[in-house]
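Read the structure below first, then the notes.
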Amino acid sequence: MGNLTIRLETEKDYKDVENLTREAFWNVYVPGASEHYFVHTMRNHPDFIPELAFVIECEGRIVGNIMYTKAWLEDENGERKEILSFGPICVAPEYQRRKLGKKLIEYSFDVARKMGYDVNVIFGNPANYVGSGFVSCKKKNVSFVVDGNFPTALLVCELVPGVLDGKKWMYIPSTAADCCDDIAAVEAFDSSFPPKEKMWKPSQEEFYIYRHSSVVR
């Protein structure tokens, strides 16, 4: 596969990362994609953590990346704990299923620990992340702040084992991804890229089921 290098994203990488993100997510969760617009706007959001924005290169070409924002857990007493949430994480389609995403996760987790972070919470397909230490939010008593349930797609990883034991928590995500609700802005940004066909794929229904189902026991 060639020599691999993981390094921090720089400004000169921005367009390459946005192109990569668009290619990696196109038609995966919805017809088309909005993740590349999220990446574009995230860098100017106050919750963005540039120290954890990494790219992975193969022979000098960027073939994957991971980005993080701050998030929070609130305990039963209303006290908040600052945590991490990564996403998007993506790998170029032709490099997928070679464990590059896992390499990015493990590398960034090591850096995050050194920065003092001890928990990461994400929304994702469980099959993609349980191998990197994520478990159901139900197992760590982390509910979703909007309605207090335990979504199947809400996953928790303790970077320091046992740090969440003994409490009930509500997850409070960053507002960074709210930009994707502006459909007109997403479409306008996407129009600056080469045209691609939007279509339905089974992965869209799969993630809809994960995102809209809950763990009850």
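Atom set for the values below is all heavy atoms of this structure, side chains included, hydrogens, waters and symmetry mates excluded. Please read these numbers as outputs of a predicted model, since none were measured by experiment.
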What do the steps show when you test Ile122 against Ile89 for side chain to side chain contact (heavy atoms under 4.5 Å, CB included), and what is the final call?
-> CA-CA 11 Å; Ile122 63 169; Ile89 176 174; over 6 Å; no

Hey, does the side chain of [X] reach the backbone of [Y] with a donor-acceptor pair shorter than 3.5 angstrom?
X	Y	value
Ser136	Lys138	yes
Ser203	Val28	yes
Trp26	Glu197	yes
Asn125	Ala127	yes
Glu82	Trp72	no
Asp118	Val160	no
Asn27	Met199	yes

Please give me the minimum heavy-atom distance between [X] and [Y], naming the atom from each residue.
X	Y	value
Leu4	Leu100	CD1-CD2, 3.6 Å
Asn120	Leu84	OD1-O, 3.0 Å
Val39	Pro88	CG2-CG, 3.7 Å
Cys180	Val186	O-CG2, 3.9 Å
Pro151	Cys137	O-SG, 3.6 Å
Ser108	Leu52	O-CD2, 3.8 Å

What about [X] and [Y], same hydrophobic cluster or not, with Ile/Leu/Val/Met/Phe/Trp/Tyr joined at side-chain heavy-atom distances under 4.5 Å?
X	Y	answer
Ile66	Phe25	no
Val17	Val63	no
Tyr107	Leu159	yes
Val55	Ile105	no
Leu104	Ile49	yes

I'd like to know whether the aromatic ring centres of [X] and [Y] sit less than 6.0 Å apart in this structure.
X	Y	answer
Phe144	Phe150	no
Tyr129	Phe86	yes
Phe38	Tyr29	no

Name all residues meeting the side chain to side chain donor-acceptor pair (under 3.5 Å) criterion together with Ser174; count only those two or more places apart in sequence or in a different chain, and write none if there are none.
-> Asp47

From Ile56, Asn65, Val111, residue fulfilling side-chain contact (heavy atoms from CB on, under 4.5 Å) relative to Ile6 = Ile56

Check against side chain to side chain donor-acceptor pair (under 3.5 Å), Ser85 and Thr69 | CA-CA 6 Å; Ser85 182; Thr69 60; 5.0 Å; no

Gap separating the [atom1] atom of [X] from the [atom2] atom of [Y], nearest 0.5 angstrom:
X	Y	atom1	atom2	value
Glu23	Glu18	CD	CD	13.0 Å
Leu154	Tyr210	CG	OH	14.5 Å
Tyr208	Gln204	OH	CD	13.0 Å
Lys81	Ile172	NZ	CD1	13.5 Å

Tell me every residue that passes salt bridge (charged side-chain N to carboxylate O under 4.0 Å, His left out) with [X], counting only those two or more places apart in sequence or in another chain.
X	value
Arg80	Glu74
Lys99	none
Lys167	Asp75
Arg7	Asp13, Glu57

Determine, stepwise, if the pair Met115 / Glu51 fulfils side chain to side chain contact (heavy atoms under 4.5 Å, CB included).
-> CA-CA 9 Å; Met115 293 174 65; Glu51 298 87 349; 4.0 Å; yes

Could you tell me which residues satisfy side chain to side chain contact (heavy atoms under 4.5 Å, CB included) with Phe48, sequence neighbours excluded, listed by chain and number?
->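 Met42, Arg43, Pro50, Ala53, Met67.
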
Could I get the full list of side chain to side chain contact (heavy atoms under 4.5 Å, CB included) partners for Glu158, not counting sequence neighbours?
-> Lys140, Val163, Leu164, Asp165

Over 12 non-hydrogen atoms of neighbours within 6.0 angstrom of NZ in Lys15 |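 Enclosed: over 12 neighbouring heavy atoms sit under 6.0 Å from NZ of Lys15.
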
Is the number of heavy atoms from other residues, nucleotides or ligands within 6.0 Å of CD (Glu11) greater than 12?
-> no

Sequence neighbours left out, what pairs pass side-chain hydrogen bond (donor to acceptor under 3.5 Å, both in side chains) with at least one residue falling in residues 176-187?
-> Glu187-Lys198

Do the numbers put Arg211 on top of the ring of Phe207, so that NZ or CZ is under 6.0 Å from the six-membered ring centre and no more than 45° off the axis?
-> no

Identify whether the distance between the nearest side-chain nitrogen and carboxylate oxygen of Asp16 and Arg61 falls below 4.0 Å.
-> no

Is any side-chain N of the basic residue among Asp190 and Lys196 closer than 4.0 Å to the acidic one's carboxylate O?
->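 Answer for the salt bridge query: no.
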
Is Val130 isolated, or which residues cluster with it under the ILVMFWY side-chain rule of less than 4.5 Å, directly or via members?
-> none

Linking Ile, Leu, Val, Met, Phe, Trp and Tyr by side-chain heavy atoms under 4.5 Å, what else ends up with Tyr14?
->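 So far as hydrophobic clustering goes, Tyr14 is joined with none.
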
Can you sort out the partners of Phe109 under ring pair (Phe, Tyr, Trp, His ring centres under 6.0 Å), two or more places apart, ordered by chain and number?
-> none

Run the side chain to side chain contact (heavy atoms under 4.5 Å, CB included) check on Val121 and Leu155 step by step: do they pass?
-> CA-CA 6 Å; Val121 177; Leu155 307 173; over 6 Å; no

Apply the test side chain to side chain contact (heavy atoms under 4.5 Å, CB included) to residues Thr175 and His45: give CA-CA distance (whole Å), side-chain angles for both, the deciding distance (0.1 Å), then the verdict.
-> CA-CA 9 Å; Thr175 59; His45 194 279; 2.9 Å; yes

Residue pair Cys90 / Leu20, side-chain heavy-atom distance below 4.5 Å =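 Of all side-chain heavy-atom pairs linking Leu20 with Cys90, at least one is under 4.5 Å.
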
Hey, does Val156 have a side-chain heavy atom less than 4.5 Å from the side chain of Trp169?
-> no

Which pairs pass ring-ring contact (aromatic ring centres under 6.0 Å, His included) with one or both residues in residues 181-200, sequence neighbours excluded?
->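 The answer is His36-Phe189, His36-Phe193, Tyr37-Phe189, His40-Phe189, Phe189-Phe193.
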
